[in-house]
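Please read the structure below before turning to the comments.
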There are 2 protein chains.
Amino acid sequence: MTPIRTIEWTVDKADRLVPGHVRMIDQTLLPGELVFLEIRDVRDMWKAVKTLKVRGAPAIGVAAAMGVVLAAQSAGAQTGAELVEEVNRAADYLATSRPTAVNLFWALDRMRTLAQRNAHLPVADLVLALAREAVRIFEEDVGMCRAIGRYGADLLRDGQAILTHCNAGGLATTRYGTALAPVYVAHEQGKRIHVYVDETRPLLQGARLTAWELMRAGIETTLICDNTAAFVMKQGLIDAVLVGADRIAANGDTANKIGTYGVALLAKAHDIPFYVLAPTSTFDLSLRSGDEIPIEERDPGEVTNGFGKPTAPAGVPVYSPAFDVTPGGLISAIICEKGVLRPPLEDSLRLMS
Amino acid sequence: MTPIRTIEWTVDKADRLVPGHVRMIDQTLLPGELVFLEIRDVRDMWKAVKTLKVRGAPAIGVAAAMGVVLAAQSAGAQTGAELVEEVNRAADYLATSRPTAVNLFWALDRMRTLAQRNAHLPVADLVLALAREAVRIFEEDVGMCRAIGRYGADLLRDGQAILTHCNAGGLATTRYGTALAPVYVAHEQGKRIHVYVDETRPLLQGARLTAWELMRAGIETTLICDNTAAFVMKQGLIDAVLVGADRIAANGDTANKIGTYGVALLAKAHDIPFYVLAPTSTFDLSLRSGDEIPIEERDPGEVTNGFGKPTAPAGVPVYSPAFDVTPGGLISAIICEKGVLRPPLEDSLRLMS
């Protein structure tokens with residue numbers, strides 16, 4: 001079975017791209033229920049992004065672009081200029097849904113620019129052009145993930161087992177994911193790959209999302225608590241670690257979900273290769289090192305009351321950073337859609353960008 | 001404030017040791033509520049041990065010994081021989097409450113032996129002798145913890161911060177605990193020690209118990225997810241790691257709560273001393289190395305349904321070992337009630353035993 005279709009544009013009539021609507025998984029109901037939302041209105045898309053029904057930077061970018069199309073196709077604009085105005089209004093609105101997601105702004109800017117450049121077209125043609133751009137953003141993401149998957153799959157052999165942390169899987173993108181893409185591609189190639197999944201406290205993206213999408217795709221999966229990774233490695237069960245990235249600095253230092261740095265240290269202690277899988281859009285060579293990446297702190301309630309009941313004393317001080325920074329020196333390779341970057345990462349990142 | 005009184009013998013009249021009853025914390029209600037149980041009947045003690053109202057090997061041993069006294073004082077025996085029979089019956093019964101707790105059997109055997117040797121005494125005197133033995137087991141445990149605390153406190157300086165995993169605190173013993181004893185003693189000495197507490201999945205003993213007892217004793221506490229330990233160390237926040245032990249082999253290999261091995265590797269990577277604090281009763285020199293320690297697996301439901309609702313897909317395979325083994329080579333010192341054992345641990349363990 002192929003990876004789950006996280007989000008996609010669905011046409012209302014078979015032979016026309018517009019009008020259409022967005023079909024996507026309600027990720028807030030996973031792993032309990034698999035419900036596909038049919039979103040036909042820009043306000044519903046705003047709510048879906050806001051309430052994390054869709055999450056993961058690449059998937060959010062696609063959702064926002066498709067949200068603009070939803071607004072455009074129902075705007076009732078009489079002229080291109082009117083439609084451009086409507087596109088800008090929708091983009092401004094969608095931008096308020098998740099203020100920190102970089103891909104959201106990037107995708108909305110592409111939609112604005114496309115509209116601006118084609119303001120001279122008849123309204124129907126301009127709506128079609130917008131729909132094509134949204135689908136292009138979607139397809140670029142699928143292609144990027146598949147490319148990462150192909151390069152990464154070459155590093156995996158039949159019968160091997162990998163460990164991953166958090167969810168950098170299909171659910172965080174349009175399909176395939178980043179860290180999990182090599183597993184899916186290897187699986188398509190007929191290689192059996194077993195995946196050990198860190199549950200990833202406090203929000204349990206590993207347990208809730210990664211384990212779910214892997215099982216659904218027929219990949220052998222074992223769920224472990226975060227603190228069990230070291231012992232699993234010691235028993236020789238892990239051949240490689242595959243993780244995603246939120247941001248990669250010029251020297252290879254990589255910000256990713258809290259706990260990634262610890263996994264990297266444990267991998268090194270057991271001589272296990274540690275791979276970061278991320279698109280070039282994650283590279284931020286304006287940062288010399290990971291020291292320049294600000295560390296966001298999460299709500300303590302996610303740790304003390306994350307499951308509907310208190311699991312710690314009331315008022316206990318909590319330190320809950322959202323992510324940590326893994327030094328480039330601990331990374332065996334960075335795998336992006338253009339290829340495999342080996343150390344010295346400073347040089348290979350500069351050459352690849 | 002001194003550490004919480006986990007369990008103690010409470011006399012019914014001020015000038016007589018018997019009759020009396022057991023006062024202990026219902027640990028199943030922590031951290032939500034602090035409720036002291038007054039246990040006057042051996043059946044209630046059996047239930048309390050069985051249902052984990054009292055837990056931690058040393059505390060369970062004390063509970064069992066005191067349970068025998070509860071049975072003896074209400075037996076209505078006419079002769080020493082009758083009372084010995086009653087003691088044996090109570091001990092057999094209490095032994096079924098937690099079949100794997102070594103300290104339980106050890107404490108019950110002490111009570112049986114004491115009764116057998118004093119079968120010639122008048123019944124009232126024999127009951128008193130049993131009560132004294134139970135109190136002696138209690139006091140030995142307090143003394144053991146305090147001794148570990150004193151040796152350990154010498155390794156801590158004012159203003160330092162330590163990291164601990166799971167609960168090897170006062171709640172696991174009569175008072176002070178093992179891993180936390182140096183913190184309490186240092187606190188009494190006027191040293192300010194900050195404790196970072198791993199929440200310790202899956203059962204969250206760190207969040208539920210360790211954080212609770214430290215806060216109650218006025219110790220500065222910060223709760224973190226297990227996967228955050230590495231990042232906290234990287235920031236230079238930790239001066240030492242203090243953990244307990246379930247079993248220590250002749251070469252220093254130490255079995256303790258799952259996750260301890262990972263913390264030891266992270267401590268080494270950051271040049272942070274890693275101390276194991278445990279009584280000599282934990283040493284098992286019949287085992288050459290940790291490889292001979294069997295690894296018990298826990299119920300997957302603790303990982304997938306541990307918070308009252310499912311947090312992972314139904315039927316996901318889970319690997320949940322109860323503990324792991326930290327190689328002696330990663331341990332800076334073992335601190336027991338007799339002193340500080342430095343590497344080579346094989347030699348110092350042999351000399352100290």
Side-chain angles (χ1 to χ4, degrees), chain A residues 30-32 165 196-202 204 206-208 211-212 215-216 220-232 234 237 257-266 268-270 295 300 303-304 306-321 323-325, chain B residues 30-32 165 196-202 204 206-208 211-212 215-216 220-234 237 257-266 268-270 295 300 303-304 306-321 324-325:
Chain A
L30 294 178
H165 189 74
Y196 285 82
V197 179
D198 277 357
E199 66 169 3
T200 316
R201 284 281 284 151
L204 300 169
R208 292 189 301 108
W212 180 85
M215 285 176 78
R216 198 178 172 287
E220 282 176 43
T221 305
T222 300
L223 179 63
I224 60 172
C225 292
D226 300 327
N227 64 25
T228 308
F231 190 53
V232 168
K234 192 188 187 191
L237 298 173
K257 180 68 56 194
I258 185 69
T260 304
Y261 167 57
V263 174
L265 285 173
L266 299 177
K268 186 185 175 71
H270 295 92
I295 301 296
V303 177
T304 59
F307 305 93
K309 66 177 182 184
T311 54
V316 65
V318 172
Y319 177 54
S320 183
F323 54 86
D324 58 27
V325 176
Chain B
L30 294 177
H165 189 73
Y196 285 82
V197 179
D198 278 357
E199 65 170 3
T200 317
R201 284 282 285 150
L204 300 169
R208 292 189 301 108
W212 181 84
M215 287 176 77
R216 201 180 168 285
E220 281 176 43
T221 305
T222 300
L223 178 64
I224 60 172
C225 292
D226 299 328
N227 64 25
T228 308
F231 189 53
V232 168
M233 290 181 184
K234 192 188 187 192
L237 297 173
K257 180 67 56 195
I258 183 70
T260 304
Y261 167 56
V263 173
L265 284 173
L266 299 177
K268 186 185 176 70
H270 295 92
I295 300 295
V303 177
T304 59
F307 302 93
K309 65 177 182 184
T311 54
V316 64
V318 172
Y319 177 54
S320 183
D324 58 27
V325 176

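Sequence lines set the chain letters: A, B, ... in the order given, protein chains first and strands last, and positions in each chain run from 1.
- The choice from Ile224(A), Thr222(A), Thr200(A), Ile295(A) that makes the most heavy-atom pairs within less than 4.5 Å of chain B is Thr222(A).
- For Pro310(A), no part lies under 4.5 angstrom from a heavy atom of chain B.
- Across every non-hydrogen atom of Pro31(B) and Ala312(A), the tightest pair is CG-C, 3.4 Å.
- Interface remark: Leu30(A) contributes no atoms to any contact with chain B (heavy atom separation under 4.5 Å).
- For Ile258(B), the parts lying near chain A are the backbone and the side chain together; criterion is any non-hydrogen pair under 4.5 Å.
- In this structure, chain A has a heavy atom under 4.5 Å from the backbone of Ala314(B), while its side chain stays farther away.
- Ranked by heavy-atom pairs shorter than 4.5 Å toward chain B, the options Ala229(A), Pro300(A), Cys225(A) are led by Cys225(A).
- Most heavy-atom pairs under 4.5 Å with chain A: of the set Glu199(B), Lys257(B), Glu220(B), Lys234(B), this distinction falls to Lys234(B).
- Minimum heavy-atom separation, Pro313(B) to Ala207(A): CD-O, 3.0 Å.
- Residues passing the side chain to side chain donor-acceptor pair (under 3.5 Å) test with Tyr196(A), sequence neighbours excluded: none.
- For Val325(B), the parts lying under 4.5 angstrom from a heavy atom of chain A are both the backbone and the side chain.
- In this structure, Val316(A) and Met215(B) have side chains that are in contact, with non-hydrogen atoms separated by less than 4.5 Å.
- Proximity to chain B (any heavy atom under 4.5 Å) is restricted, for Leu265(A), to the side chain, taken from C-beta onward.
- Between Phe231(B) and Tyr319(A), the ring planes are parallel. Angles under 30° get that label, and only those over 60° would be called perpendicular.
- Checked against side-chain contact (heavy atoms from CB on, under 4.5 Å), Thr311(A) has the following partners two or more places apart in sequence or in another chain: Leu204(B), Phe307(B).
- Looking at Ala211(B), the atoms closer than 4.5 Å to chain A (heavy atoms on both sides) sit in the backbone and in the side chain alike.
- The candidate with the highest count of non-hydrogen atom pairs below 4.5 Å against chain B, out of Ala269(A), Pro321(A), Ala264(A), is Pro321(A).
- Neither the backbone nor the side chain of Thr260(B) comes within contact range of chain A, judged by heavy atoms closer than 4.5 Å.
- We find the CZ-CZ distance between Arg201(B) and Arg201(A) to be 6.5 Å, quoted to the nearest 0.5 Å.
- Gly262(A) and Ala230(B) make their closest contact through CA-CB, 3.5 Å (heavy atoms, listed as atom of the first residue, atom of the second, distance).
- Chain A forms the most heavy-atom pairs under 4.5 Å with one residue out of Thr228(B), Asp198(B), Val303(B), and that residue is Thr228(B).
- Both the backbone and the side chain of Asn227(B) come within less than 4.5 Å of a heavy atom of chain A.
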